[in-house]
Each structure stands twice: as C-alpha cells, then as structure tokens.
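Protein chains get the first letters and strands the later ones, always in sequence-line order, with residue 1 at the start of each. Atoms considered below: every heavy atom in the structure, side chains included; atoms not considered: hydrogens, waters and symmetry mates.
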Amino acid sequence: MDDIEATIIQNKHIVSNYYTLKLRLSKSMGRVLPGQFVMLKIPGNEVFLRRPFSIYAYSNNTLTLMYRVVGKGTEILSKCPKNERTLVLGPLGNAFHIRKTDKYIVVAGGIGIAGVHTLIKRLGKKASIFYGCTNKEELSLINDMLHLNPMVSTLDGSCGFEGNVIALLGGYIESTKGEDRQIFVCGPAGMVRNLQKLIEKDRTPCQALVEERMACGLGLCFGCVIKTIDEKEPYKRACKEGPVFDLWEILL
Amino acid sequence: MDDIEATIIQNKHIVSNYYTLKLRLSKSMGRVLPGQFVMLKIPGNEVFLRRPFSIYAYSNNTLTLMYRVVGKGTEILSKCPKNERTLVLGPLGNAFHIRKTDKYIVVAGGIGIAGVHTLIKRLGKKASIFYGCTNKEELSLINDMLHLNPMVSTLDGSCGFEGNVIALLGGYIESTKGEDRQIFVCGPAGMVRNLQKLIEKDRTPCQALVEERMACGLGLCFGCVIKTIDEKEPYKRACKEGPVFDLWEILL
Amino acid sequence: MGNLTVEFFEKTMRNPVMNASGTLGYGKEIESLWGIETLGAYVTKGLSAEPHHGNPTPRVWEERNGMINSIGLQNIGVDRFFDEYFPYFKKRKTPVIVNFFGFTEEEYLACAAKIKPDPFIVALEMNLSCPNIKKGGISFGKEPGAVFEIVKHVKGVTKIPLVAKLTPEVRNIVEIAQAAHEGGADGLTLINTMPAAVVDVKSRNIPIRGGLSGPILKPIALRAVYECSKAVPIPIIGAGGIMNTEDAISFFMAGARAIQIGTATFVDPYAIPKIIRGIGEYLDAHGCSGIGDIVGIARD
Amino acid sequence: MGNLTVEFFEKTMRNPVMNASGTLGYGKEIESLWGIETLGAYVTKGLSAEPHHGNPTPRVWEERNGMINSIGLQNIGVDRFFDEYFPYFKKRKTPVIVNFFGFTEEEYLACAAKIKPDPFIVALEMNLSCPNIKKGGISFGKEPGAVFEIVKHVKGVTKIPLVAKLTPEVRNIVEIAQAAHEGGADGLTLINTMPAAVVDVKSRNIPIRGGLSGPILKPIALRAVYECSKAVPIPIIGAGGIMNTEDAISFFMAGARAIQIGTATFVDPYAIPKIIRGIGEYLDAHGCSGIGDIVGIARD
Ligand SMILES: Cc1cc2nc3c(=O)[nH]c(=O)nc-3n(C[C@H](O)[C@H](O)[C@H](O)COP(=O)(O)OP(=O)(O)OC[C@H]3O[C@@H](n4cnc5c(N)ncnc54)[C@H](O)[C@@H]3O)c2cc1C
Ligand SMILES: Cc1cc2nc3c(=O)[nH]c(=O)nc-3n(C[C@H](O)[C@H](O)[C@H](O)COP(=O)(O)OP(=O)(O)OC[C@H]3O[C@@H](n4cnc5c(N)ncnc54)[C@H](O)[C@@H]3O)c2cc1C
Ligand SMILES: Cc1cc2nc3c(=O)[nH]c(=O)nc-3n(C[C@H](O)[C@H](O)[C@H](O)COP(=O)(O)O)c2cc1C
Ligand SMILES: Cc1cc2nc3c(=O)[nH]c(=O)nc-3n(C[C@H](O)[C@H](O)[C@H](O)COP(=O)(O)O)c2cc1C
Ligand code: FES
Ligand code: FES
C-alpha cells in the first residue's frame, strides 16, 4: 500500500450522475482484494480531504473507479480532463471473505455496485446477483455483467421488478431456504437495514460493505467508525477493521 | 467607477520579473486620471483579496497594467493565459494635479514607472523624466518613452548614470535652482525618502504616489493609511485621499 | 420577490442584511456602486466619544481564506459622525445601527449618552472586544461579571435598544451572551474577529497581530450563533465569514435573525446586494413567507 | 543534512517534529508508509485511566481549508496502550509523549499515576480541553486558577515531565500559559482545536459540532505561540494547521521549540517526513547549526 501518483486516462460519463474514472498509476498497488478502496486526491485545491472510492477494477497499474456525483468533490472530479494528475492512496481496508458454500448471493443498490464489482468478477457464474436502481437507464451500470443474468429491480418499474431490490430478493431467499448461502451486500444504509430485517430470522451469513465519512482512510483519526455489538469497544473503523463487516456484528 | 468584467487579451513578459497585462473590459471605465489605479481580481481562488495596480494605459475599453512579480498574487497572474476572465474595480483614488509651471520633473524607480506612465503621456515633451532601475535590461520598461530623452540610472552602471536615480536627479535640481518646478514621484519608499531629503531645503512642490497594502481599495476598511502632518487626523487612506499625496504633507 | 422585511426593536428594516462595522467606511464610500438604502440597516464604523487615530501600518494582511486587520479603531468621533454623516442616512431613509466603543467604562458611557434617539437609529451596537486600559488591556467582553456590569451601566444612559457585540476569544461565549442579556442587552451580534498573527518567514518578522475575519471565521461563528440562540431569548445578529447566499442562509438556520457582511465586500464590492437578492430567491424557491420561516430551524 | 537533534527534558529527540495527538492512531497504522522512528517523538492518541467509546458519527466533516472532528476521545485506555503498543515504540527507539485526559480531576490523576517513568517517555501531555463533568462540562483549561490546581496536582503524582496542552477557547491564553507554568508544567503544547459547527443548508441540520483543525487554525495558533513564548520560560510545542515546511518554520520563528503535525497527515500521509526533510534543508540553506538558531527570532 502506498500513496501513488496517478494520471487520468479516461473520465467517462455513463448515465445520469454516474461516471467511471480510469487512472494509470506510476507504480503497482500490489495485491488488491474485493471490497478494498482507495483515498483519491481530488485535483485542484478546492477540496481539502481525500475521498474514499471502492476499487471497481484494477490490473496492470490501471485503476478504475465508478463514482456518482453527490457533492463538491465528486462534482470537481467529474470535470477533470484526461491527463490531469492526482494521487491515489491504497489499497485500503479489509476485504470480503469468500468462504466455500453452495450459494453466493451479491446484493447491490445504486453506486453500491462499485463496491462489489471485483467480487462479482471473482465469483463469476457462482454468484446470483441482485441489483436495484432507479430506472432502466441506470442498468447500464451493470452492462458488463449481463451474461451473469443479474436479477434487477427498478424503483419506477421501467425494467425488471418494480420496487426495491430487497423485496425482489425476498422471493429468492424464500425459495432457497435451508441451503448454505452467503450474502454480500453494498448499498444505501436503508437497503442494508431492510436486508437485515429480511434475513433476521435465519441470520443468513452476510457481509456488508459500509460507507462512512473518512478523513484519513488509514485508521489514524477514528473518524469513520461504525457501531458494532462489541460492548467493550463498540466503534470500529470502517477504513481499517472494515469497510467489510459481518452484518450480524454491526448496529445500523 | 464600477466593478467591470474583463478578459485578458495579452499577458506579456517584458524582462526579469516584469510583465504587461492587457485587458478588454466589458464596458467603459469612464474618465481615467493620471495616478489612478484599479483593484484586480487575481483569477482562480488561490488568493483572496484583490490586488491594486496603477493604470498604465487605458483607451477604448482596453486597460493595460504593468506589473512586477513579487508574491503569490502576481505569480499566479503571470501564469494566466489569454482569454482568462476576471474583474477590475476602478478607476480608483485621486490623481496627480498638474499645475502650470516652468518645469515638470517626473521621477520613477523600478515598477514605479507604471504609476506615472499616463502622467508622462499627458505631459509629453514638457516633462523631464528621471528613471532608475537595476540594470540595462530593465530599461526596456521605458522603451516607449525613449523619444522623451529620459535620464536613466542603473544600479550596476550598465547603462546611464551608475547609482540611484536621486543622486542623478541631484545635479539637475542644482542646475535648475530658482526655477518654478514641479516634481512627480513614484517608486520604492527608500527612493521617495531620499528625494525628500534632496529637496528638503527648497521644499520644491512635489506629489508622490504611495503604495500601501490594501483590502478594499474603496475607502471602506481604513487598512491602507499613510501618516500625514495633519495632527487631528494623521492617517489618510491611500486608496481614497491618495494614492497621490503632497510630499510635504506625508510622514514617510 | 418575497417579503424580506423584518421588525427589529419595533423598527422596520427592508431586509435582515447589514454591513459589519468597520467594513463599509462611513457609508458614503460605496455610493458609486450601490445605494446605501439597499441595506436593511447601515452599521457605523466603530465610534468613540473622542476621535481616535488608530494603528500604524501594516493594518491589513491576507491569510489563506481570510484576512487579519489591525486598524486600531480609527474614527472621527461620534459627534462628527452625527454632524457630517448621519443626515445622509436619514435622507436616504436608511436605518442606522451605531457601533461604538471605549477604552474605559466612562468612555463607553460618554459615547452612548451622546447619541440621541432618532426614528432612524435602530440600535446601538456595543463593541465589547475593546481593551480596557484600566484593567491591563484585557477587553471588556471577557468576563460575564464585567459584561453584565458594563451593559447595565450603558443601558442606564440610553433609551435606544442596545446590542452587545461579542468577541469569540472567551472561555464560553454562551455565558457571556447570558450575562449581556441579564445586564439588559436587547440583542447580540456574534461574532467579532478572532486574535491572530502572521509570521513572515522571509523577513523573519511578525508583520501583523490583529483580528481574523473572513471564511476562516464561519464555523466558529456558526457555533456561537447556534449555542447562544438556544440560550438567550433576545435576537441575534450573525457575522463571520458570510461570503454568499448559502453562508447567509446557514446563519439564519443556526438562529440568527439578521446578518452582517464584512470581509466579503472587500472581495466583491457587490457581495451585499447579491446576498440580499439571493436570500429573497431562496425564500421564494422554498415557499417561505419571510425569513422567520427559517430562523433557528437547524436541528442538532 | 544539518543536525536536527533537539534536547527535550534531558532526552534527545532526532528532530523537533511530532504528530499531533489523535491524528496518527496508535502509531502502528502508519508503518506501511513510513517508519515511526522518523518522528522526533510519537504523541499518543488521548488516553484515559479507563477506556472510552467516543461519539457516534458523523465524527469528521470537511470545512473550507480545514476540518471539524468530534471523535469524543475514543481510546482503549492507558493500560492496554502500555501492554499492546508501547513495546513497539521502545523496540524502534522512538521517544513517546503520552497524551492523556480525564473527565474529573481524579481521572487525570489516576491516569498520570499509572504511567511509569521510562527512558522512552519524554513527557506526559495533558489535554486540558476536556470537559469537567463535575463542573457542568466546562473544560479544565479555561480558568487560570483551575489550570494551576490541576497541573499542580498532576505534578504531585508523576515524576515524568509534564506538558500542558491548551485550548484556544479562553479569554487570554497567555494567562493560562502562566498559570500552567506556575502550577509546575515543564512545557506547553499550543493549541488544541477551536470549537466550531457546521450547518447543512440542504438537510437543515447541524451535522456536527466539534473541534476545528487545519490551515484555518494557523494564524490563531501562531499568535498563541508568539505571545506565550514571550511570557513563560518553558518550552513550547506549536500545533495548528502546519501543512508544509514554511508553516513549520513560521512556528519555530514565533517561538516554538518543537512542532506537531495533525490534519496535514490526512491530506498527505507523507506530510510529516516531508516537513522533517524540509526543515533540514531550510537550516542548511540558511547556514543554521540547529533549530535553536531560528526559535523565537521573529520580531514584532
Ligand atoms: C469505503 C467507501 C467506498 C466508497 N466507494 C464509492 C464508490 O465506489 N463510488 C462512489 O461514487 N462513492 C463511493 N463512496 C462514497 C464517496 O466517498 C462519497 O460519495 C464522496 O466522498 C462524496 O464526496 P463529495 O465531495 O462529492 O461530497 P461532499 O458531501 O461534498 O463531501 C464532504 C465530505 O463528506 C464525505 N462524504 C460525503 N458523502 C459520503 C459518503 N456517502 N460516504 C463517505 N463519505 C462521504 C466526503 O468524503 C467528504 O469528506 C465510498 C465511500 C466509502 C467510505
Ligand atoms: C496604488 C497602488 C498602485 C500599485 N501599482 C502597481 C503597479 O502598477 N504594478 C505593480 O507591479 N505593482 C503595483 N502596486 C503594488 C502591487 O499592488 C503589489 O506588488 C501586489 O499587490 C503584490 O501582490 P502579491 O500577491 O504578488 O504579493 P503578496 O506579498 O503575496 O501579497 C500579499 C498582500 O500584500 C499586498 N502587497 C504586497 N506588496 C504590496 C505593495 N508593494 N503595495 C501594496 N500592497 C502590497 C497585496 O496586495 C496582498 O494583499 C501598487 C500598489 C498600490 C497600493
Ligand atoms: C477592516 C475591519 C475593520 C473592523 N472594524 C470593526 C469595528 O470598528 N468595530 C467592530 O465592532 N467590529 C469591527 N470589525 C469586525 C467586523 O465587524 C466583523 O465582526 C468581522 O469582520 C467578522 O465578519 P466578516 O468575516 O464578515 O468580516 C472590523 C473588521 C474588519 C475586517
Ligand atoms: C481527528 C482528530 C483527533 C484529535 N484527538 C486529540 C486528542 O485525543 N487529544 C488532544 O489533545 N488533541 C487531539 N486533537 C487535536 C490535535 O492534536 C491538534 O492539536 C489539532 O488538530 C491542531 O493541529 P492540526 O491543525 O495540525 O490538526 C485531535 C485532532 C483531530 C483532527
Ligand atoms: S478515516 Fe481515519 S480512521 Fe478511518
Ligand atoms: S484599502 Fe480599504 S480603505 Fe483603502
């Protein structure tokens, strides 16, 4: 892990406020595990702290991020031209732990897909993918996974199941009852809470990638904590002990 | 006077750390008097307050400034490309008062030439110009006045009189003793103090353009004051009551 | 555009936006850019019973995202202000808030006593950041007890509503706010500049020690406005680093009933009219009938 | 490169640069980037006699040119620190300054008493910004009298040199510095964060109230360092918005004998080693034989 000089080689608008950013790194990031993230310096000096982004893809010193414009930093990022230089600190955080099992289920909502993208690539056909988004157009975020037959839901019903992805998942969970399953989830806090409720009875093994505001990304500041069931030390750092937590150990 | 949108049409390096900046204004500045200045917004948001610059030339909505890179603001300015947009507040301050007299003497040192440039243009052949700078190369700052036969001094003696311009002026002052003279000066504080000493005995009428750190340029903050002999109200604003003061009324 | 009118101490102001004291000269200086009647009220440069010369230069210094000033309260004295400048505001029907100070309690009282009630005087704004030369130069606004006393005494010599302007260089601004309120202050202005210094590494000098203003001050001011507005029932005027409409709205939401704009005017001389317009647009866009709809609505 | 070595309380440090407490975790976290022995001394995360959980999120917020934190002093307790982490620093021959706090005087004393003198402990750094829960949550560092008392009492339970770390939210930091010195403090760290708040205009919330750090703090910190270094004879450690070598040099010139770097590390994890190198280069370029040549040389 290091702070690595990087050059933007592509900054592409996908749909609505989603983009992908391709960076050429000046040296290797080393081994990257599914679930890990980087702290990206936003070019210029308008924003101060770095911004955390999941590693969407990485190979041959080329790092890809997928991001959604939500505030000042991502706004500036979306306007950065090719060849702009910046810094990437990573890879950071722990990773999804893939245990041998009958059924892998990956659940993502919106930009949450970025957090499980390398995991899905790793699992390939072994994973059942559930993806929820706002409308048909946003399905272009999973264009490269269509061959894996993802189950999709859109809030406006313009494609797939109409409603939220956890409702869609419900049927599947019901129908695979009793099997040895493992769930991976990344998405808005509300979605993860709904999932927790859905599988509360069985306490199906589930790992969640969580997002918290970060200052350092390195475990230095204790700014990014998430509350856990550990009574002695309830607050764990999303950047260090996380960002992947056992769903049954965190208090959302 | 107004805050006027402006576009850089030329930003030219002259010599060492001297530049000229040509701006096209989106509307007229109105009447500009010799000695007046503008508050220029430095493009970008690296620096906060505006920077004061003398009006080097102005006609047909085209404003020219001559500047020397001395700190962060002028450094950034020197790198601004053509077509960059900014804001110019002006014209500001009072002006040189040209009274009928036998002999006009204009004394400038270094970048001080920018402050008396429009005055020299106005006086034309009627003025005796004394210009002091560091070396021969810097004489290109007065290229457009060579036909007025300026007397020049260089600190390194590479052209004209070797030494400071006040020493050079000394002889002239001596030789024109008794004549009705009027002096205009703009330059470093040390130079103006030396001039004051030189003509102390005769108290030759003299107007000085002074530089003080400014925040507003409009008389709002009382940040830019210069001490005067007025005992009741010693501190006068360089941006409002100045920047031109009677040399015999200020305490340098 | 929606109604920006506000009532302050039974006087009507066109809008809740003022300049901050000392950042709009004696008022007339801005007239070639915009009319003084644009303001909800004009806040005077700090005035004293007798004129003051102020400090030598440098008096202003740029800081990253802010500035430091050490003007030293230069002013022509309260008498000359009322002779030479006050008629200008009356003619333009612009309410005035008279900022004043003293270096002793007597000077505060003398100055306040000189100011006669007038339909165009909304309030006196008492600058409590001023050093008390009888108490080793520690400023009046530092101790709850001292604040209570001086506010009470000033209230004794004037019938004009009194706003106390507090310094952030205190151990707990809420207790100062409470003391001012108990002393009889009718309102508070929060906050004045924060003491700061610059080191010039090249010349190895400290070119200036003075008060920090501008964006740098905003989070400190917002905290003061929020906490004091919960603690005292009198209206609060917010100030500190307001550069644009969003900053202004954040002060209202934190609990300010009016705001003052200082340093922003140096960066953009049209900042005040722009922000007034921006507030109107915000209220319209959010279906608010007046600024009252958003004052103090931010939840912790 | 010139000699950066400094003596602090009769211990030798490789250089006068430390991390600021709470901004370099428990120390080990940085090891994949640079060695802990790079530091003049490692300053621990704030420790207490008993572990503390800290505050709920959000705990950090970006401000223009700074940040606000509300970590709430989460820590594993002083005992676990000495069991699990201290040996790491000893093995790497890195001097440690133990930052500690309490919510009552007893907690301060209990914590200080637990820390045994050790060749690798340079000093205890007492965080005086902590709220005193027995005094309505007003922090210990606010009143000269209270500071004198608690410093004196802590000195009574430890033989390790004691550095008092002061909050800028006081009426006059110089009098606090003097009280700490009179109470027996062997040094001062200036300054801790400044209380601040954020208003989120969109959600109409106050998402965070906490301590402001980063460049925003620098001019306030420089003033404190300058004025206190003139007023007390004990060494001062400067902190607040040091982002680069020039900032660091300005703190030395203002009177600091060592510096701490906090927020800068979040912006650039190599800020500390870069600044250490930069200081060395500065001293070389200016023909200085050591940092002593520039400490306190800035003239007013
Ligand atoms: C481990 C992790 C992985 C992430 N992966 C991605 C990803 O792959 N793609 C993507 O688009 N986003 C991702 N995010 C969220 C992303 O970091 C924020 O959307 C981004 O920081 C917003 O910055 P901003 O300046 O645009 O927003 P602003 O609101 O202006 O940011 C202000 C501050 O808040 C923080 N912040 C704001 N929203 C969030 C958030 N949702 N999570 C964490 N911090 C936030 C910012 O980092 C910044 O410090 C991830 C977050 C974490 C913690
Ligand atoms: C009335 C007037 C006319 C001027 N005309 C010219 C001109 O035509 N050409 C030219 O090159 N310079 C001129 N100057 C000086 C010019 O304003 C400064 O050199 C410039 O502001 C420096 O900015 P900086 O950011 O590069 O320097 P920095 O030192 O980084 O600036 C920091 C602050 O100090 C102020 N400052 C620094 N040096 C000076 C100075 N000498 N005078 C006033 N303020 C200063 C800046 O305005 C800024 O607020 C004039 C100054 C005044 C007052
Ligand atoms: C140049 C200058 C002069 C000031 N003079 C006074 C003054 O005379 N009286 C006073 O109460 N405050 C004075 N202040 C403080 C401002 O009124 C205001 O409280 C402070 O600058 C914070 O607001 P801002 O960040 O918008 O500038 C002055 C501020 C500046 C920058
Ligand atoms: C995330 C964070 C945590 C902090 N924790 C502590 C602490 O536990 N004890 C303490 O004395 N100061 C603490 N501080 C204050 C810093 O040590 C330092 O005094 C302050 O941040 C100013 O320096 P900076 O601007 O370089 O960050 C903390 C600061 C930050 C940003
Ligand atoms: S972001 Fe600093 S500890 Fe996680
Ligand atoms: S610069 Fe503000 S009064 Fe002159």
Answer with side chain, backbone, both or neither: which region of [X] has an atom nearer than 4.5 Å to a non-hydrogen atom of chain C?
{"X": "D:E246", "answer": "both"}
{"X": "D:L212", "answer": "side chain"}
{"X": "D:F251", "answer": "neither"}
{"X": "D:V201", "answer": "both"}
{"X": "D:I208", "answer": "neither"}

Tell me, for [X] versus chain D, whether the close heavy atoms (under 4.5 Å) come from the side chain, the backbone, both or neither.
{"X": "C:I176", "answer": "neither"}
{"X": "C:I138", "answer": "side chain"}
{"X": "C:E63", "answer": "side chain"}

When only pairs under 4.5 Å are counted, which of [options] shares the most heavy-atom pairs with chain D?
{"options": "C:V198, C:I173, C:N205, C:L217", "result": "C:N205"}
{"options": "C:R223, C:M194, C:E175", "result": "C:R223"}
{"options": "C:T167, C:I249, C:N65, C:N172", "result": "C:N65"}
{"options": "C:P195, C:P215, C:G66", "result": "C:P195"}

| query | Is it true that the side chains of C:E105 and C:H153 contain a donor and an acceptor less than 3.5 Å apart? | reply | yes

| Going by distance alone, is a donor N or O of one side chain under 3.5 Å from an acceptor N or O of the other, for C:S213 and C:T263? | yes

| Under 6.0 Å from the NZ atom of D:K230, do we count more than 12 heavy atoms belonging to anything else shown? | yes

What distance do [X] atom [atom1] and [Y] atom [atom2] have between them, rounded to the nearest 0.5 Å?
{"X": "C:M18", "Y": "C:I272", "atom1": "CE", "atom2": "CD1", "value": "11.0 Å"}
{"X": "C:I237", "Y": "C:R257", "atom1": "CD1", "atom2": "CZ", "value": "10.5 Å"}
{"X": "D:S250", "Y": "D:L222", "atom1": "OG", "atom2": "CG", "value": "4.5 Å"}
{"X": "D:R64", "Y": "C:K218", "atom1": "CZ", "atom2": "NZ", "value": "5.5 Å"}

| query | Closest heavy-atom contact between D:P207 and D:P58? | reply | O-CG, 3.3 Å

| task | Just do the ring-ring contact (aromatic ring centres under 6.0 Å, His included) check on D:F140 and D:Y108 with the steps written out, would you? | result | CA-CA 10 Å; D:F140 288 90; D:Y108 273 98; 4.8 Å; yes

| When only pairs under 4.5 Å are counted, which of D:R209, D:H286, D:E227, D:M253 shares the most heavy-atom pairs with chain C? | D:R209

| message | Parallel, tilted or perpendicular, judged at 30° and 60°: which one describes the rings of C:F103 and C:F101? | response | perpendicular

| Are any of the side-chain nitrogens in D:E169 or C:R171 under 4.0 Å away from the carboxylate oxygens of its partner? | no

| Full working for side-chain contact (heavy atoms from CB on, under 4.5 Å) between D:E62 and D:M67 | CA-CA 4 Å; D:E62 167 145 351; D:M67 62 175 280; 5.6 Å; no

| request: Could you please state which residues from residues 293-300 of chain D sit under 4.5 angstrom from chain C, measuring non-hydrogen atom to non-hydrogen atom, sorted by number, or 'none'? | output: D:I294, D:I297, D:A298, D:R299, D:D300

